Amino acid sequence: MSQAREPFSILPTSECWDLLAGEKIGRLVTTVDGEAHIFPVNFVVDDRTVLFRTAEGTKLSSAVTSKEVLFEADDYRQPEGWSVIVKGTARSLRDEDEIADAEGAGLVSWPTPEPTRFVRIRPGSVTGRRFVFGSAPDA
């Protein structure tokens with residue numbers, strides 16, 4: 001007799017970071033004038049923080065002025081998928097040593113030329129779930 005798998009499971013924090021480290025694309029959620037905005041970003045995990053680059057503009061200003069940001073990355077391949085959410089604060093890096101460290105983190109940016117500003121998200125919490133795909137349950 002086969003055992004049915006649960007439709008989702010909660011991931012331990014260490015597995016969340018491992019999964020994030022294997023991805024390159026995520027979504028940054030910020031607040032602009034009281035409205036939620038979502039921005040796709042390429043990123044890298046660096047010392048249990050999320051690091052991305054951006055240019056001057058709405059994404060940068062909303063990230064660093066929001067009291068709290070959310071960052072989400074996910075993946076799905078049959079028969080399962082996962083989603084990880086990082087809730088924390090974002091800060092634009094300005095110190096020469098911090099920028100030098102960020103430049104060595106292996107972040108590859110989409111646009112050419114590369115955006116000039118590094119942003120680091122320091123997590124307050126990290127949560128994740130793994131999902132098992134299948135047919136809809138019987139009604």
Side-chain angles (χ1 to χ4, degrees):
M1 178 162 119
S2 68
Q3 245 182 341
R5 290 179 69 185
E6 292 295 320
F8 72 90
S9 59
I10 305 298
L11 299 173
T13 303
S14 60
E15 187 172 353
C16 290
W17 284 114
D18 290 345
L19 290 167
L20 283 176
E23 291 300 313
K24 301 297 178 213
I25 307 296
R27 286 161 293 286
L28 172 70
V29 181
T30 66
T31 304
V32 179
D33 296 328
E35 295 182 357
H37 287 256
I38 189 164
F39 303 95
V41 295
N42 52 310
F43 75 99
V44 66
V45 170
D46 183 45
D47 195 26
R48 291 208 171 195
T49 66
V50 174
L51 181 67
F52 66 93
R53 278 183 118 145
T54 190
E56 297 288 336
T58 303
K59 186 187 323 176
L60 175 63
S61 63
S62 66
V64 300
T65 60
S66 291
K67 179 179 177 183
E68 188 172 70
V69 299
L70 297 175
F71 178 82
E72 191 265 349
D74 52 38
D75 189 24
Y76 67 93
R77 294 185 182 103
Q78 292 295 342
E80 63 183 31
W82 57 267
S83 175
V84 172
I85 297 173
V86 176
K87 184 187 297 186
T89 56
R91 188 173 65 81
S92 177
L93 304 186
R94 298 183 183 274
D95 179 80
E96 288 180 23
D97 292 334
E98 288 180 316
I99 292 169
D101 287 343
E103 287 175 342
L107 178 62
V108 178
S109 294
W110 287 342
T112 304
E114 286 188 330
T116 58
R117 303 293 294 273
F118 284 101
V119 176
R120 184 177 305 278
I121 300 172
R122 296 223 177 262
S125 68
V126 179
T127 59
R129 292 182 177 195
R130 186 173 301 279
F131 303 92
V132 177
F133 304 123
S135 59
D138 294 333

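For reference, positions follow the sequence shown, starting with 1. Below, each value reflects all heavy atoms present in this structure, side chains not excepted, and no hydrogens, waters or symmetry copies. Remember, it's a predicted structure, so these values are computed and weren't measured experimentally.
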*Val45-Leu19 co-clustered via ILVMFWY side chain contacts under 4.5 Å*: yes

*Output the distance between atom CD (Glu103) and atom CD (Glu96), rounded to the nearest 0.5 Å.*
10.5 Å

*Residues Thr54, Phe39; criterion side-chain contact (heavy atoms from CB on, under 4.5 Å); working and verdict*: CA-CA 11 Å; Thr54 190; Phe39 303 95; over 6 Å; no

_Within one Ile-Leu-Val-Met-Phe-Trp-Tyr cluster: Leu107 and Ile99, side-chain cutoff 4.5 Å_ = yes

*asked:* Counting C-beta onward and ignoring hydrogens, is there a side-chain heavy-atom pair between Asp74 and Arg27 closer than 4.5 Å?
replied: yes

*Between atom CZ of Phe43 and atom CD1 of Ile25, what is the distance when rounded to the nearest 0.5 Å?*
8.0 Å

*Please report the C-alpha distance between Arg129 and Ile10 in whole Å, then the side-chain angles of each, then the deciding distance to 0.1 Å, and finally whether the side-chain contact (heavy atoms from CB on, under 4.5 Å) criterion is met.*
CA-CA 5 Å; Arg129 292 182 177 195; Ile10 305 298; 3.6 Å; yes

*At what distance, to the nearest 0.5 angstrom, does CD1 of Ile38 lie from NZ of Lys59?*
11.5 Å

*Identify the heavy atoms of Ala63 and Val69 that sit nearest to each other, and give their distance.*
O-CG1, 3.6 Å

*Is Phe71 reachable from Ile85 through a run of I, L, V, M, F, W or Y residues, each pair having side-chain heavy atoms under 4.5 Å apart?*
no

*Picking from Thr30, Thr89, Val32, what satisfies side-chain contact (heavy atoms from CB on, under 4.5 Å) with Ser66?*
Thr30

*Cluster partners of Val108, using ILVMFWY side-chain heavy atoms under 4.5 angstrom, listed by chain and number?*
none

*Enter the distance from Arg120:CZ to Leu93:CG here, rounded to the nearest 0.5 Å.*
5.5 Å

*Quick one: pull up CG in Asp75 and CG in Leu20 and give me the separation to the nearest 0.5 Å.*
11.0 Å

*Taking all non-hydrogen atoms of both residues, which atom of Phe52 and which atom of Ile121 are closest, and how far apart?*
CE2-CD1, 4.0 Å

*Are Val50 and Phe118 co-members of a hydrophobic cluster defined by side-chain heavy atoms under 4.5 Å apart?*
no

*Verdict with supporting geometry, Asp47 and Asp101, side-chain contact (heavy atoms from CB on, under 4.5 Å)*: CA-CA 11 Å; Asp47 195 26; Asp101 287 343; over 6 Å; no

*asked:* Tell me whether the rings of Phe8 and Phe131 are parallel (<30°), tilted (30 to 60°) or perpendicular (>60°).
replied: tilted

*Should the pair Glu15-Arg130 be classified as a salt bridge under the 4.0 Å nitrogen-to-oxygen rule?*
yes

*Can you tell me how far the CG atom of Leu11 sits from the CH2 atom of Trp17, to the nearest 0.5 Å?*
13.5 Å

_Minimum heavy-atom distance between Arg94 and Glu98, given as atom pair plus value_ = N-OE1, 4.0 Å

*Can you hop from Val64 to Leu28 via hydrophobic side chains spaced under 4.5 Å?*
yes

_Nearest heavy-atom neighbours spanning Ala55 and Leu60_ = O-CB, 3.6 Å

*asked:* On a heavy-atom basis, which atom in Asp46 and which in Thr49 lie closest, and how many Å separate them?
replied: O-OG1, 2.5 Å

*Are side-chain heavy atoms of Arg48 and Val126 found at a separation under 4.5 Å?*
no

